[in-house]
Amino acid sequence: MRKGRLLVVFFVLVLALACQVQARQRRIVVGFVQVGAESAWRTANTESIISEAKKRGIELKYVDGQQQQANQIKAIRSFIAQKVDVIGFSPVVTTGWEQVLREAKRHKIPVILVDRAVDCADDSLWVTLIGSDFVKEGRQAAHWLAGKMKGKASIFELEGTIGSAPTIDRKKGFQEVMKDYPEMKIIHSQTGDFTRSKGKEVMKAFLKEKGPCFDALFSHNDDMAIGAIQAMEEYGIRPGTDVIIVSVDAIRAAFEAMIEGKLNCTVECNPLQGRAFFDAVEAIVAGKTLPKKIPVEEGVFPQEVARDVLPIRKY
Ligand code: GYE
């Protein structure tokens, strides 16, 4: 009788141990919803995340939000329903996330913000934000431009997606520095939604209506700058000479434009965040605590260094 009971206890213990080992070996499942495919920066960011998941044998459920918040919310809800281990997302705009993030919290699914921040009072709704300092990028663009223009310029500002973290913060950083230069004036600000086609469209329409009444362009990303460069050339302006251009991202196409003399400076925003993202995922699954913000290092590249730097650019 006693022997029988001992045997039962033994089997229960073996079973519990086996379950634990299996749980430890179970593949981590991550749901990730991206902003969209609006820029070369974004494509590099997506590629970095997908390839890193493969490398680590993590199951990734990937959704393209097509620059629509409603799509992103729907994807997060489907990740919750599928009981993924961790949700990652890059919020297209900063506001309107409380409800869905609360749903994730209720289901005990940790959330990692990648690239863009949310504007939400309760910061317990996400574990960490992996991303760049967009305010600093705006400041760096402004400092470079002020130096190049010797403190005097009429600036056209091509903004990114309205309500998105990089647009709000790059504008803020840029304006902050402008206060020290009374003769540097932003004569027009308009969104090009971070795309090449809209950058071109906005510049073309403006030139048609008002003509070339500016001598500098601050573009919130390289793709819009490249679109605007095409519009300027079609109008008969020499981009990079008649209009001094600074933009953000430092994609390969920006280096090519600098080598051709059409773009003057790009401030780096590093999209290769896959490694940091999955480091955070694995740390969370292992029960470790993370800092609220995980920064990404980046630099500034003026035209003069473009030829040397282009061959080593990874995106
Ligand atoms: O600068 C732009 C992209 O959120 C930092 O989004 C990102 C921005 C990037 O579309 O090219």
Side-chain angles (χ1 to χ4, degrees), residues 38-45 48 115-116 131-149 153 155-161 164-167 169-174 177-178 184 186 191-196 198-200 202-203 214-233 238-273 295-315:
E38 73 281 6
S39 63
W41 188 99
R42 188 64 55 194
T43 312
N45 184 250
S48 161
D115 160 40
R116 296 186 182 180
S132 312
D133 184 342
F134 301 138
V135 177
K136 183 173 159 197
E137 291 166 358
R139 281 191 208 120
Q140 284 173 320
H143 281 304
W144 181 86
L145 192 63
K148 179 80 177 175
M149 304 300 288
I155 308 160
F156 189 115
E157 179 187 25
L158 258 176
E159 295 179 15
T161 302
S164 71
T167 300
D169 289 350
R170 285 173 187 163
K171 190 179 184 72
K172 192 170 148 197
F174 193 86
V177 174
M178 285 299 102
M184 305 263 306
I186 297 177
T191 179
D193 211 12
F194 280 131
T195 70
R196 212 173 271 211
K198 291 232 178 81
K200 180 172 182 182
V202 164
M203 183 54 71
F214 53 94
D215 54 10
L217 169 68
F218 166 44
S219 175
H220 289 198
N221 83 346
D222 291 334
D223 280 274
M224 292 189 297
I226 290 164
I229 285 170
Q230 287 168 6
M232 285 180 204
E233 285 182 317
R238 288 168 308 163
T241 306
D242 301 328
V243 175
I244 299 302
I245 307 174
V246 60
S247 60
V248 187
D249 276 355
I251 58 171
R252 289 182 66 89
F255 285 83
E256 283 154 11
M258 286 196 285
I259 290 168
E260 287 170 11
K262 296 175 182 177
L263 179 74
N264 306 91
C265 182
T266 185
V267 174
E268 186 179 31
C269 181
N270 189 352
L272 309 178
Q273 297 166 347
V296 181
E297 293 303 316
E298 33 219 12
V300 176
F301 300 102
Q303 207 168 2
E304 297 72 38
V305 303
R307 209 174 285 280
D308 291 338
V309 176
L310 177 62
I312 52 168
R313 293 303 291 166
K314 294 205 172 62
Y315 60 94

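- Under a 3.5 Å cut-off, the side chain of S132 and the backbone N or O of V296 do not form any donor-acceptor pair.
- For the pair D308/F301, no side-chain contact is recorded, criterion being any heavy-atom separation below 4.5 Å from C-beta on.
- Taken from NZ in K262 to CE in M232, the straight-line distance is 12.0 Å, to the nearest 0.5 Å.
- The backbone N or O of I245 lies less than 3.5 Å from a partner atom in the side chain of N264, making a donor-acceptor pair.
- Counting only heavy atoms from C-beta outward, the side chains of E256 and R313 never approach each other to under 4.5 Å.
- With contacts defined as side-chain heavy-atom distances shorter than 4.5 Å, the pair L145/I155 qualifies.
- In summary, R170 and E157 do not engage in a salt bridge, as defined by a charged side-chain N under 4.0 Å from a carboxylate O.
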_Run L310 and R252 through side-chain contact (heavy atoms from CB on, under 4.5 Å) and show every step you take._
CA-CA 7 Å; L310 177 62; R252 289 182 66 89; 3.9 Å; yes
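- The two atoms that bring A216 and M149 nearest to each other are CB-CE, 4.4 Å, heavy atoms only.
- By the 4.5 Å heavy-atom criterion applied to side chains, D193 and E38 are not counted as neighbours.
- The distance from atom CZ of F174 to atom CD of E159, rounded to the nearest 0.5 Å, is 11.5 Å.
- Counting heavy atoms from C-beta outward, H143 and V300 have side chains that stay 4.5 Å or more apart.
- Using modelled atom types, one side-chain atom of W41 and one backbone atom of C269 make a donor-acceptor pair closer than 3.5 Å.
- Atom NZ of K136 sits about 5.5 Å away from atom CD of Q140, to the nearest 0.5 Å.
- Smallest separation of non-hydrogen atoms from A250 and T266: N-OG1, 3.0 Å.
- Considering all non-hydrogen atoms of both residues, T191 and V202 come closest at O-CG2, 3.4 Å.
- In terms of heavy atoms, F218 sits closest to A141 at CE1-CB, 3.7 Å.
- Looking at V243 and D215, their side chains never come closer than 4.5 Å, going by heavy atoms from C-beta outward.
- Nearest heavy atoms, N221 versus S219: O-OG, 2.7 Å.
- The CD atom of E137 sits 9.0 Å away from atom CD of E268, with the distance rounded to the nearest 0.5 Å.
- Side-chain contact check for Y315 versus T43: every heavy-atom pair is 4.5 Å or farther apart.
- Taking both residues in full, the closest heavy atoms of S39 and D223 are given as CB-OD2, 3.4 Å, listed atom of the first, atom of the second, then distance.
- By the 30° and 60° cut-offs, the orientation of the rings of H220 relative to F194 is tilted.
- Checked by atom type and distance alone, the side chain of D222 pairs as donor or acceptor with a backbone atom of I251 at under 3.5 Å.
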| task | Start with the C-alpha distance between N270 and E297, add both sets of side-chain angles, then the distance that settles side chain to side chain donor-acceptor pair (under 3.5 Å), and finish with yes or no. | result | CA-CA 7 Å; N270 189 352; E297 293 303 316; over 6 Å; no
| request: Before giving the answer on side-chain contact (heavy atoms from CB on, under 4.5 Å), spell out for R116 and S164 the whole-Å C-alpha distance, their side-chain angles and the decisive distance to 0.1 Å. | output: CA-CA 8 Å; R116 296 186 182 180; S164 71; 3.5 Å; yes
